[in-house]
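Read the structure below first, then the notes.
Here is the naming used below: chain letters follow the sequence lines, and residue numbers restart at 1 for every chain.
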There are 2 protein chains.
Amino acid sequence: MNLTAPPCPEATAVIHPRQAEILRAVRQAFVEKGFDGASMQDLARAAGMSVGNFYRYFPSKAAIIGAMVLMDAQEIRADFAAILAAPSPLTALRHGLRERIFGADCAKDSALWAEIDAAARRMPEVAEAHRMIESEVRGQLIAVFAAGTGLPLAEANRRFSTHAAFLLTLFKAAACADAMLGVDIPALRAMIAETLDARLDEILRHATPPPD
Amino acid sequence: MNLTAPPCPEATAVIHPRQAEILRAVRQAFVEKGFDGASMQDLARAAGMSVGNFYRYFPSKAAIIGAMVLMDAQEIRADFAAILAAPSPLTALRHGLRERIFGADCAKDSALWAEIDAAARRMPEVAEAHRMIESEVRGQLIAVFAAGTGLPLAEANRRFSTHAAFLLTLFKAAACADAMLGVDIPALRAMIAETLDARLDEILRHATPPPD
DNA sequence: GATCTGGGAGTGAACGTTCATTCACTGATA
DNA sequence: TATCAGTGAATGAACGTTCACTCCCAGATC
């Protein structure tokens with residue numbers, strides 16, 4: 001397997017509409033079989049086209065994977081833009097996290113999260129996209145904390161960078177929790193959400209003006 | 001890749017000493033390259049033997065992987081046996097969790113945890129072993145909670161099964177946290193440990209006789 | 001309107017590589 | 001001598017990628 005494909009475009013890169021269409025189509029194949037387990041033939045079936053045609057749009061299989069992860073990064077960026085534009089960003093964040101934790105998409109995304117985590121250690125394209133997503137999310141969380149507490153960004157970073165990392169860690173754990181058999185999943189998710197809330201309350205206590 | 005190898009022996013199965021030696025040797029190859037990415041030739045190099053010799057000890061590559069995960073399960077079982085035999089099981093559990101979270105092995109195991117999580121969805125041998133480990137850990141945690149609170153096992157299960165699942169989830173998250181770049185890892189681990197402690201304190205408040 | 005041409009999307013067999021597994025063979029030991 | 005541990009080339013399958021080819025469409029030309 002060739003892992004030396006050219007690097008991925010940045011998350012700001014324009015993904016061609018046909019590329020995006022292809023990526024949406026192949027996602028489920030990756031969910032079911034993993035990155036290595038899904039062959040180009042599997043992907044071709046999922047996308048309803050021939051294997052050779054992929055190479056008009058992506059230079060390699062690894063690049064397909066990297067682009068798909070980047071497309072996720074762009075969605076997450078849009079989500080945070082909405083949260084930061086809300087009248088009360090911390091409340092919007094709470095709401096958004098709960099929706100994600102309790103929503104149907106949490107279960108659907110867990111396989112892919114696990115696969116991305118594992119693959120980031122062995123595929124440069126995934127490693128780069130993964131690093132970018134996590135760095136982006138933490139940065140955005142800190143921006144929300146700054147907006148929610150009225151602190152300058154640098155001060156919010158100093159005080160809450162560990163909180164940001166913790167929230168991301170816990171959120172990822174929530175995404176994987178549904179894979180546990182014999183567990184009351186709603187109760188587990190509720191406990192996770194409660195833990196997230198406690199940390200957000202802790203942050204809110206740092207607010208300089210009255211909390212938003 | 002053939003995924004139809006015979007199922008793994010149970011965690012109570014005797015792992016031949018030579019098998020155990022081989023499994024210890026190949027572990028690092030799996031850590032570095034992942035289950036799919038590590039070829040039989042890579043494993044052979046790591047074990048210092050020829051590729052054909054593996055098949056004297058394991059029926060397939062998948063069986064090697066499954067056995068390695070099961071060997072982990074046996075270690076975890078032994079760890080819990082020691083905790084349950086301690087004069088104060090809950091304190092011993094706290095201590096054990098902290099050692100794991102702050103110890104050097106946490107970083108070393110994270111790649112493998114991620115790989116096992118991802119692989120459990122696509123390799124029957126790993127899925128079975130993974131299911132067994134998680135079920136075992138949760139059961140053992142509940143046994144520790146029962147011992148620590150003086151409650152009957154069935155009652156401890158009723159009250160704390162979600163706590164057990166939460167602790168396992170958070171512990172796994174801690175194992176993966178060190179892969180985050182640009183994060184103060186010790187501070188993050190401390191926050192995770194603090195969260196675990198809070199949940200254990202919560203459990204301790206259910207003690208019927210004075211807490212141990 | 002009919003025909004030609006160029007460009008783009010799509011095809012799938014062929015290709016070279018890599019893979020996990022097999023098996024005839026070797027060497028050491030009791 | 002028999003048994004067991006070990007060997008590594010051969011094997012067939014699977015893989016990602018390439019490439020000669022096809023078809024379609026739009027625009028240009030007659």
Side-chain angles (χ1 to χ4, degrees), chain A residues 1-8 14-27 29-30 32-69 115 118-119 122-126, chain B residues 1-8 14-27 29-30 32-69 115 118-119 122-126:
Chain A
M1 184 164 69
N2 179 15
L3 296 182
T4 58
C8 277
V14 175
I15 295 184
H16 190 276
R18 180 64 174 138
Q19 282 179 321
E21 187 179 10
I22 291 167
L23 294 175
R24 279 191 295 270
V26 302
R27 190 179 180 92
F30 283 132
E32 282 168 13
K33 301 205 172 183
F35 292 153
D36 290 326
S39 67
M40 293 307 288
Q41 195 54 250
D42 293 327
L43 302 187
R45 264 189 301 270
M49 65 180 194
S50 70
V51 290
N53 202 26
F54 280 112
Y55 299 89
R56 283 195 179 279
Y57 300 98
F58 304 96
S60 65
K61 183 183 179 186
I64 294 173
I65 291 164
M68 191 184 66
V69 176
E115 193 70 24
R122 14 173 201 92
M123 300 175 72
E125 293 82 357
V126 179
Chain B
M1 184 164 67
N2 179 15
L3 296 183
T4 56
C8 278
V14 174
I15 295 184
H16 190 274
R18 179 65 174 136
Q19 283 180 321
E21 187 181 10
I22 291 167
L23 293 176
R24 281 191 293 272
V26 300
R27 190 180 181 90
F30 282 132
E32 281 168 15
K33 300 205 174 184
F35 292 153
D36 289 328
S39 67
M40 293 306 289
Q41 196 56 250
D42 292 327
L43 301 187
R45 265 191 298 271
M49 65 181 193
S50 71
V51 291
N53 203 26
F54 281 113
Y55 299 90
R56 284 195 180 280
Y57 299 97
F58 305 97
S60 66
K61 183 183 179 185
I64 293 173
I65 291 163
M68 191 184 64
V69 176
E115 193 69 25
R122 3 170 210 98
M123 299 174 73
E125 293 82 354
V126 178

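- Between A/Tyr57 and A/His16, the two ring planes are tilted [angle within 30° to 60°].
- Side chain A/Arg56 to base C/dG8: no donor-acceptor pair is found below 3.5 Å.
- For B/Lys61, taking side-chain heavy atoms from C-beta onward, the closest of the listed nucleotides D/dA9, C/dA20, C/dA13 is C/dA20.
- Comment: B/Glu21 does not engage B/Arg24 in a salt bridge, judged by the lack of any side-chain N to carboxylate O separation of less than 4.0 angstrom.
- For A/Phe58 and D/dT17, the CZ to P distance is 13 Å, given to the nearest whole Å.
- Among C/dT21, C/dA9, C/dG12, the nucleotide with an atom closest to any side-chain atom of B/Val51 is C/dT21.
- Of the two residues contacting DNA chain D, namely A/Ser39 and B/Ile22, the nearest-nucleotide position lying further toward the 5' end is that of B/Ile22.
- Note: CD (A/Gln41) to P (D/dT17) measures 14 Å, nearest angstrom.
- The shortest distance between side-chain heavy atoms of A/Phe58 and A/Met68 does not fall below 4.5 Å.
- Contact of the A/Met49 side chain with the A/Ile22 side chain is registered, since non-hydrogen atoms from C-beta on lie closer than 4.5 Å.
- Here salt bridge (Lys or Arg N to Asp or Glu O under 4.0 Å) pairs that include residues 46-60 of chain B, with residues two or more places apart or in two chains, number zero.
- Computed from coordinates, the A/Asn53 CG to C/dA9 P distance equals 9 Å when rounded to whole Å.
- Distance, B/Met40 CE to D/dT11 P: 20 Å, rounded to whole Å.
- Residues satisfying the side chain to side chain contact (heavy atoms under 4.5 Å, CB included) criterion with B/Gln41, sequence neighbours excluded, are B/Ser39, B/Ala44, B/Arg45, B/Val51.
- You'll find that the side chain of A/Tyr55 is closest to D/dT18, out of C/dG10, D/dT18, D/dT7.
- Looking at heavy atoms from C-beta onward, A/Met123 lies out of side-chain contact with A/Val69 at the 4.5 angstrom threshold.
- Nucleotide D/dA5 holds its P atom 16 Å from the CZ atom of B/Phe54, rounded to whole Å.
- Rounded to a whole Å, the CG atom of A/Asp42 is 16 Å from the C1' atom of D/dT17.
- For D/dG6, the OP1/OP2 oxygens have a side-chain nitrogen or oxygen of B/Tyr57 closer than 4.0 Å.
- Here D/dT7 is the nucleotide among D/dT18, D/dA9, D/dT7 with the atom lying nearest to any side-chain atom of B/Met49.
- Atom NZ in A/Lys33 sits about 11 Å away from atom P in D/dG16, given to the nearest Å.
- Residue A/Arg18 places no side-chain N or O under 4.0 Å from the OP1 or OP2 atom of C/dG8.
- Rounded to 10 degrees, the angle between the two end axes of the helix from C/dG1-D/dC30 to C/dA30-D/dT1 is 20°, with five pairs used at each end.
- Across the protein-nucleic acid pair, B/Asp36 atom CG and D/dA14 atom C1' stand 13 Å apart, rounded to whole Å.
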